[in-house]
Amino acid sequence: MKTDVIEVRTGGHETVHDITAACEKFAREASAGGDGLLHVFVPHATAGVAVLELGAGSDQDLLATLGELLPDGKRWVHAHGSRGHGRSHVLPAFVPPYATLPVIGGRLALGTWQSVALVDLNVDNPDRHVRLSYVG
């Protein structure tokens, strides 16, 4: 297994951050042109990994949908941090903190419109780590 950690700065706002290029680069280098699996893992209790179309409004749609499912406010029992922070701790139940992707011939085998994204609702933690692990 080969592994690396990339750092992602999400800023102080909710975001769907495209990490496809970093995943592709790691898969290409780690696989040396071979076949295997890339596992993408976010070691944070308040972030997730999604595979979806980006750049055509789906990222904003995802944030809007999560806003409806997980509204900010005082309803959350887990209440440290900024207002509504508890919702960030529920996010991984809807957007898991991992994804496993096929690598074929050194390339991610994503569909035409698929991208890999870090989903982060936690405005209190702008610095994230993403562990990339390749098994071939």
Side-chain angles (χ1 to χ4, degrees):
M1 181 174 87
K2 296 178 183 175
T3 189
D4 193 15
V5 175
I6 60 170
E7 296 184 22
V8 177
R9 181 140 179 91
T10 59
H13 59 279
E14 297 178 0
T15 189
V16 176
H17 187 89
D18 190 353
I19 58 171
T20 309
C23 292
E24 288 174 335
K25 180 178 186 277
F26 176 76
R28 184 174 53 254
E29 292 171 359
S31 71
D35 299 345
L37 294 172
L38 174 65
H39 188 72
V40 182
F41 176 70
V42 181
H44 298 283
T46 58
V49 176
V51 177
L52 74 162
E53 179 181 9
L54 296 175
S58 296
D59 34 357
Q60 291 94 350
D61 290 340
L62 176 58
L63 289 176
T65 300
L66 290 171
E68 292 173 14
L69 288 171
L70 305 169
D72 64 4
K74 297 179 182 178
R75 68 180 270 182
W76 303 100
V77 174
H78 184 102
H80 78 271
S82 63
R83 181 174 182 259
H85 178 73
R87 71 194 285 261
S88 298
H89 285 274
V90 177
L91 171 72
F94 294 93
V95 181
Y98 60 87
T100 302
L101 308 167
V103 177
I104 300 173
R107 301 186 65 190
L108 286 183
L110 293 171
T112 301
W113 303 110
Q114 289 181 316
S115 296
V116 185
L118 170 68
V119 180
D120 190 358
L121 300 182
N122 184 356
V123 300
D124 295 335
N125 187 359
D127 298 308
R128 298 301 188 160
H129 299 93
V130 180
R131 177 165 297 282
L132 304 176
S133 301
Y134 174 80
V135 178

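Contact between Val16 and Leu54 at its shortest, heavy atoms only, is CG1-CD2, 3.7 Å. The shortest non-hydrogen separation linking Glu14 to Leu121 is CG-O, 3.7 Å. The minimum heavy-atom distance linking Leu52 with Ala50 is given by the pair CD2-CB, 3.7 Å. Among all heavy-atom pairs drawn from Ser31 and Gly106, the shortest one is OG-CA, 3.1 Å. The nearest pair of heavy atoms linking Leu38 to Ala27 is CD2-CB, 4.5 Å. Residues Thr10 and Leu118 share a closest heavy-atom pair of CG2-CD2, 3.7 Å.
By the 4.5 Å heavy-atom criterion applied to side chains, Glu7 and Asp127 are not counted as neighbours. With a 4.5 Å cut-off on side-chain heavy atoms, Tyr98 and Pro43 do not count as touching. Side-chain contact check for Leu66 versus Val119: some heavy-atom pair is nearer than 4.5 Å. Under the 4.5 Å side-chain criterion, counting only non-hydrogen atoms from C-beta, Val116 is in contact with Leu110. Residues Ile6 and Phe26 fail the side-chain proximity criterion, which asks for heavy atoms closer than 4.5 Å.
Using a 3.5 Å distance cut-off with no hydrogens or angles, the side chains of Arg128 and Thr46 do pair a donor with an acceptor.
Residue Val95 is grouped with residue Leu69 when hydrophobic side chains (ILVMFWY) are merged at heavy-atom distances under 4.5 angstrom, including chains of intermediate members. Cluster membership for Val135 and Leu101, using ILVMFWY side-chain heavy atoms within less than 4.5 angstrom, is not shared. Taking hydrophobic clusters as Ile, Leu, Val, Met, Phe, Trp and Tyr residues chained together by side-chain heavy-atom distances below 4.5 Å, Phe94 shares a cluster with Trp76. Under a hydrophobic clustering in which Ile, Leu, Val, Met, Phe, Trp and Tyr are joined whenever their side-chain heavy atoms come within less than 4.5 Å, directly or via other members, Tyr134 and Val49 fall into the same cluster.
Distance CG/Asp35 to CZ/Arg107: 13.0 Å, rounded to 0.5 Å. Once rounded to the nearest 0.5 Å, the distance linking CG of Asp59 with CG of Asp18 reads 9.0 Å. Considering CG of Asn125 and OG of Ser88, their distance stands at 9.5 Å, rounded to 0.5 Å. Distance check, rounded to the nearest 0.5 Å: OG1 of Thr65 to CG of Leu70 gives 10.5 Å. To the nearest 0.5 Å, the span separating CG on Asp61 from CD on Glu53 amounts to 10.0 Å.
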Which is it for Leu132 and Cys23 under the side chain to side chain contact (heavy atoms under 4.5 Å, CB included) test, yes or no, and what are the steps along the way? CA-CA 7 Å; Leu132 304 176; Cys23 292; 3.8 Å; yes

Run the side chain to side chain contact (heavy atoms under 4.5 Å, CB included) test on Arg131 and Thr3 for me, step by step, so that the C-alpha distance in whole Å, both residues' side-chain angles and the decisive distance to 0.1 Å come before the verdict. CA-CA 7 Å; Arg131 177 165 297 282; Thr3 189; 3.0 Å; yes

Apply side chain to side chain contact (heavy atoms under 4.5 Å, CB included) to Val103 and Leu108, showing your working. CA-CA 5 Å; Val103 177; Leu108 286 183; 3.9 Å; yes

Show your reasoning for whether side chain to side chain contact (heavy atoms under 4.5 Å, CB included) applies to Phe41 and Ser133. CA-CA 8 Å; Phe41 176 70; Ser133 301; over 6 Å; no

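For the pair Glu29 and Lys25, the salt-bridge criterion is met [side-chain N within less than 4.0 Å of a carboxylate O].
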